[in-house]
Structures are given as structure tokens and as C-alpha cells.
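The structure appears right after this line, and notes come after that.
Below, read A as the first sequence line, B as the second, and so on, with proteins coming before strands; counting in each chain starts at 1. Note that the structure is predicted; figures quoted are calculated from it, not measured.
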Amino acid sequence: MKKKQIALLLAAAMAVSSLVGCGQKEVTSTETKDAVESNVATETVVEPPLFNETGYPIVNEEITLKVLLGVSDAYNPIEIDEMPAIKRMEEETGINLEWEMVKKSDWATKFNLMLATEDYPDIILGHDMDVSIEEYGVAQKVLLPLDDLIDKYLPSYTERIALEDYDVAAPCVGSDGQQYSVGYLQAGGSKTSAMFAVNQEWLDALKLPMPTNKEQLLDTLRAFKTQDPNGNGQADEIPWSARTIVTGTTNSLSLTLSWFGMAFTPYNSAPWLFIDDNKEIQFIPTMENFRECVEWLHGVWEEGLIDAELFSQDGNTMTSKIKNGVVGFANASNPTSNWTYDIGAKFEVYIPEEGAEMEKLSEFAAPMAYLTVTNEYPEASMRLFEYMIDPEVQYTMYNGEEVNEAKTAGWKINDEGKYEAWSTADYVAPTLMNCLNVNTLYFAPPATQSKYYAEAPRNVWRNEKHAMLEEAGVLQDYSNDYLDLVTLTPEEAEMVALLKTDLNTTLGEYFTKFIKDGVTDAEWDAYVKIFDGMKVKEYVDIYQKGIDAMDLQ
Amino acid sequence: MKTRKFKDMSSSNKVFYIFNAILWGLVLFVTIYPLYLVVISSISNPDLVATGQVTLYPKDISFIGYESVFQNKEIWIGYANSLFYTVVHIVLSVVITLLCAYAMSRKVFPGKKLINLYFVITMFISGGLIPSFLTIRNLGWYNTRWVLIFMGSCSVWNLMVARTYIQTTIPDELYEAAKLDGASHFQYFGKVVLPLSKTIMSVLSIYYGVGTWNDYFNGLVYIKDRNKLPLQTILREILAVISSRAGDAMLTEEMAQQSMEETMRIANSAKYCTIVIATVPIVLLYILLQKHFEKGVMIGSLKG
């Protein structure tokens, strides 16, 4: 009997333990957004410490702000708290920062979990992360509108915007007209997302001129294939290396669509659309030019002039081949950056013939720094952002200290009074970065960038080539970046998100198939019919309406 | 039964034997080759690996991947963390599972059916990630090592296997005899059941050990401090470096610093090295417990 009672007791204890997770929500140091909204009337409001409107420190009693920092996957740093620039920032501002670093590949999981459990940080930093202003600012009201705070506490930011003749921070504004983010922009003068480049050393070795149209390009590729331009006696040359992946990469073959008058862009939020010279939105996949392009590429494939691993290789494999000196023609956003300066400088930009419409870039800021509604110190946070975008501070946070410990690299102010990076010949980059690099808040629109900072040699090279493309008139008149500024209703956003996935999946398949196998009339008709059921007309109309409402420059 | 020699077999048996050998030889090759490729890639030049030139044997032997891995402090921290979590988790899980399995194997256990149903329901229906996260946070285990030690420490599947093992392998008569000698349940469990359960303990150790060692998701979701992350979460970040579009993305404009380029180049080789290093303890565990594992893996599957 006693044993039976003990057994029943244990069973009851197990049942009770299952209720552990159902208890009252623990009150964390950061209150819920509902509690904040009603906070004003209660007696439990904690008066913020004494805040300084100007000068440093920003606060007279130390406060702690939780920062969720989204970083790129390749970023490998020392502890953020140990970074010299971060330590100085905390000392000078009086604000203690608790960093939670989340890599881009983990961002969706962590961010959505944070939202679902209402465990908000005070500050979110991340310019390449998915933080939709429409959804989290306008709709869910998780993000704090920043208009008044920017006007009052970010004078440098507003000054730099005013220096430009277009609204560089337009992407940071929601459909309700409020700014939900401080933007990130490192203007580099880039005019287009990718360039095609020919191996100039091979041209010189074979005494061939730079091709200026598609026919000459084919002849050049044939010569690369058969005449051993790298002079090693082996037939190891890959005349043209590329990839057929259609989204999110600047070494895709899909960029050749621009040679046929379609300004394809690999990155923006409205894939497979472009703005033509009449400010009309065109849907690329069903245009006759699209068929012309894939048929031409099919011919190139059949002749064996293009990489045999075209359909399967990743960006790293392709880059390795270029670095190994076996590739004659390829595309990238900036060869001297993507393939290292020494390798990239051996290539020369290919300027397509008249009729080409390469995508033109407009340099808009990407939303980067956000405050959440549970932030108890929004004024102090904004002054912190102002500190971070100081010309010297942001340059240091991006590039590292003025002089590193080994005295082999750093930055200096050159004869023109501009910040310039330097390194000795024996400089070896550390395994772990000691600065935030691309992940720091950095705001330098074109006028600011050219005023304070010397251009990196790789960007000088790239800008030279882009100027050649611009002079040749092969860039589109109106940038596709304006498509990113079209405000969508929640229903439209949902439709576009679903359509985007369908389009990229379908086109990834057909682009590859047409290049490999060619396309007959019947196949083309069947392919075009696929898009009838995909709400393409609505897709185009949404963006046409948005573009018509803008004053495109 | 005496094994017949090949030459004494009938023609149809010979054909079957040859076909069988070829088929399983192919299966063996398909299984072994990826592991072999990982090992030879880990000691080959990263550029040759990236261009797919390393296929049958290592080329241009280079240990740069291993150097990069051994220099990466986080890999060592992750390794130590994973070893700690795995060992502690195995001990804790085996104890909890066997205790529970013993209780569930008793014929006289009031409420057994209800408790059994309670357990089985959790096998099919889970609250999901958000309730789990809220539970862990409310327990105060968020960003602590406890979460990685306690989560999953009583798998219902393993519990059923252990319970069946005890029911089928340890006769009730032993309990009757022990009871006559005045033994309590705890004494019987400690002095009779446990010594006879080495096989199932090996099986549970491997199941729990492999599960914990390979787990990256719990580290990703519940741990914020990088010095508490398990090895697999860190390995996943290395793999994310490779698959990230840093080689061709717009961001490369800004990221083209020597350390980034070199990270990308070495990451291709480092991923193979990290896989080799991460797999060694599990392979050793299998080798150590192979004898018991072979015997025990099917034994709990029979319902007595």
C-alpha cells in the first residue's frame, strides 16, 4: 500500500512538472511592447539616467544596451567587446553594449525566434539582413519610427543626405512615410552590378584586338580555345567561364541578357523586371530578345567555348579557375576585387555593342540600424549612431586601427587630407578581424565618400572601366534600383514574394535547359504559356504604378 | 550449417553469389568513397580541391586546412564543449532512460497505461520551437550549458527500446527471487538489472552520443555566448562561409580584404579537415562499443 502511494505520488509529480513551461512569462530587463505603451501611467517607470544632449559622455550613469548584430558568414572576428574601437566607443559614450552576433545564414531563425518570443534587443544592426521595414515597422510596430530622433540627434546623417541631389535614404522609409532605420552606404562610384572582362594577357599573346561585338567575341573565344594563349603547351584553356544560376550572383550567364537589350539585375527585390528607356516596366522571360539570347548562348555551348561545368560549379570553383590562369572571359562585379587585384588587373572590360542595356546602379542606402519599441534609451541610442558615423570612427570601425600592433598595416591621412589605407609588403592579414568591417554602421554617400576617403585601388580600377561603359552608352537610362523603392501593400508583398520564388525556380530550370538543348517554336510557346497562370500581369502592373508615381532621374 | 564452397554451388547459386558480391561492392564503394574523398581533400591543395581535380588520390599535399583549423581557437573550444556535452549527456540520459524503462517494465505499476500514453503522445506531437524556447527561457537555461545537457535526455523511442529489453531479457523470476531475499526495487535495479544491461547501455550510449555530438541546432537557437557553442554549430558556420556568395556578391566590393579572400580560399579545405576532426571521436566510440552494439541494436526491437 505504501509503495502504491509512493508510485502515485511520483506519477503526480511528473504530471505537475509538465506544467513548468506554462507559468507566467518571466519579466525580463527589457519590457514587452505592451508594457512600454502603458508605462507612462504607472509608478514603476525607471527614470532614465541623466542624458546629455550634446558632448560626451552621452550618459552620466552607465547604461546597457543590447545589440543584435547581423554579420556576413565569412566574418571571423575577435570578441567584439575586445575590439579597440568598441572599447573606445564604450568609454567615450558611457554606454555599455551587450553584443549578440548572428551570422547571415542563421539570421532568419534567430530573428524570427526573437520576434515570436518578444525578446527584443534594444538595437538591431545589419544592412544585409532581412528586416522588413514594412512588416516589422509599419505593420507589427516592433521598430521605432526615427524621424524626430534623426532630426534632433543625427545632424551628420541629415547633412550628408542634403549634399546629394537625390534622396539616398529613401529605402529607409516605410509606406507610412516614417523613417524606421538609419541607412548604410559606402558609395564607391559603382555604375553597374557586373562587368564582363577579357583576359588581356591572352589577347596580347595571340595579338588579337579587343572584341567589340558578339561575333568578334566568338572569334576571340575560338582562338582562346585552340591557340594555347597561356603558352603552357596544354589545352587547358577555358575560353569562357560562368554559371547558370540566375539569382543573387554577379557571375551568372543571365547577365548576358543585357547584351540583347534587357537590363537584367541579379539582386533587386523585383526579379526579372527592368525599366526601359520609356520608363515602361518590361518582363524579361517572355520577350523575344530572351529567346534570341538563349539561342545564341546555346550556340556558344554547342561549340564548346564555354565552361563544361557551367551548370554545376559554384562561385568559389569558378574563381579558383580564374586565379589559376585558365580562363579567358568571365564576369564579376569587380574583377580586381573578386579575383584579387593582381589577377583582375590582367583583364580588360568588354564593352558590348550598341543596343545593349546593362543594369545601372543608383547608390541608395540600405536600411541598417534600427531601434525596437522596447528600447528605453532611444535618444542615447541615436547619439551613439551619430558617434559611430563620425568620419574617423566609421573608417576605423570598418578598416581597423590607425596602426596595427605589428606596425604593418593601418590607415593614414594622405596629402589630400583624406583617409587612406596602407600596408607594408610583408603584411599578413590576421586570421581574426579586430574591427566590425562591413558590419559596422557606415554612412558615406558619394559627396561624403569623395570628401573624406581616398578610393581603394580596386575601386579606382573598377570606376575607370565603368566610366568606359557609361561613355559607350550601354547602361540603361533609369536604374532598376527604383523598383526597390516601390511600396507594396501587405497583399502585394505576399504575392510578389511567392511569385519571386516561382519565377526564380522556373527560370533557373528553363534558362539552363535552353542553353543546353536549344529551343524550338513549340517549346517556346509552351514555355511562355507557363507564365500565364503566374499573375505576371499583376506583377508588372504593381511596379508600373509605383514607377509612374516617381520622378525618375 | 556447413558453408558450401563456391565451386560446389549450383549455377544459379553461383550467379546469385556473384551478383550479390557486385551489388554490395558497389554499395560499399558508394558509401566509402565520400568518406575517402573527404580525407584526401583535407590533405590536398585547396585550389585543386575547389576546381575538382582531387578525385582518386591527394594532389599537391598541403596541410593548410589543418593548420587553419588548429589555429582557430573556436574549433578547439567547440571540440571541448562537444566532448563535455556528449559525455555528460550520455551518462545522464542512460541513467534517466534506464530508470524510467525499469519502472515501465514492472507488471505492477499503477497508472502505467496513462503514463505510457503520456510518453507516446510526445513521440508524435511536439509543441515546436517557440514553446520549447519559452520553456527553456523560463527555466533560466537560455544561454547556459544546462540546455545542451538536459535537452533530449529521455528519448521516448530509446525508452521503449530499453523497456522492451528489460522485459524480454531479464526474467521476472529473478525479481521474485530477489524480493524473497528482501531486496527493494532500487536494490534489485542496482545489483541485478544494471549488470545485466551492459548491451542496452552500449546501444543507448551510442544513440544518445551520436545525437548529441551531431546536434548543431540547439546550439544555434539556445546559446548566445560563442565560448559555449558546440563543435557542429561552429562547423556549420565554416560551411556557411563556403556557400555564402562572398566570392561573387556585391558585398565583395567591400569585403575584399586579404583576410576575407584567404578565409574563403582556405575554407574549402578547412571544411574537410573539420569533418575529419569532428568525426574521429564518434568513430572511436563505435569501435569501442562495436561488440555490444552489434548484439544490442536489434534486441530492444522485439516486443515481448
Neighbour count >12 (heavy atoms, 6.0 Å) for atom CH2, B:Trp146: no

Would you say that more than 12 heavy atoms from the other residues, nucleotides or ligands in this model lie under 6.0 Å from the CD of B:Gln53, or not? yes

Given that the side chain runs from C-beta out, which part of A:Lys321 has a heavy atom under 4.5 Å from chain B: side chain, backbone, both or neither? both

Side chain, backbone, both or neither: which part of A:Thr109 has a non-hydrogen atom closer than 4.5 Å to chain B? side chain

Output the residues of residues 221-228 of chain B for which the shortest heavy-atom distance to chain A is under 4.5 Å, in residue-number order; output 'none' if no such residue exists. B:Val221, B:Ile223, B:Lys224, B:Arg226

In Å, rounded to the nearest 0.5 Å, how long is the span from [atom1] of [X] to [atom2] of [Y]?
| X | Y | atom1 | atom2 | value |
| --- | --- | --- | --- | --- |
| A:Asn324 | B:Leu48 | CG | CG | 7.0 Å |
| B:Glu237 | A:Ser105 | CD | OG | 7.0 Å |
| B:Glu74 | A:Leu432 | CD | CG | 7.5 Å |
| A:Lys103 | B:Thr233 | NZ | OG1 | 12.0 Å |

Check whether any side-chain heavy atom of B:Arg137 sits under 4.5 Å from a side-chain heavy atom of A:Thr117, and report yes or no. yes

By a 4.5 Å heavy-atom criterion (distance strictly below it), what part of B:Tyr216 contacts chain A: side chain, backbone, both, or neither? neither

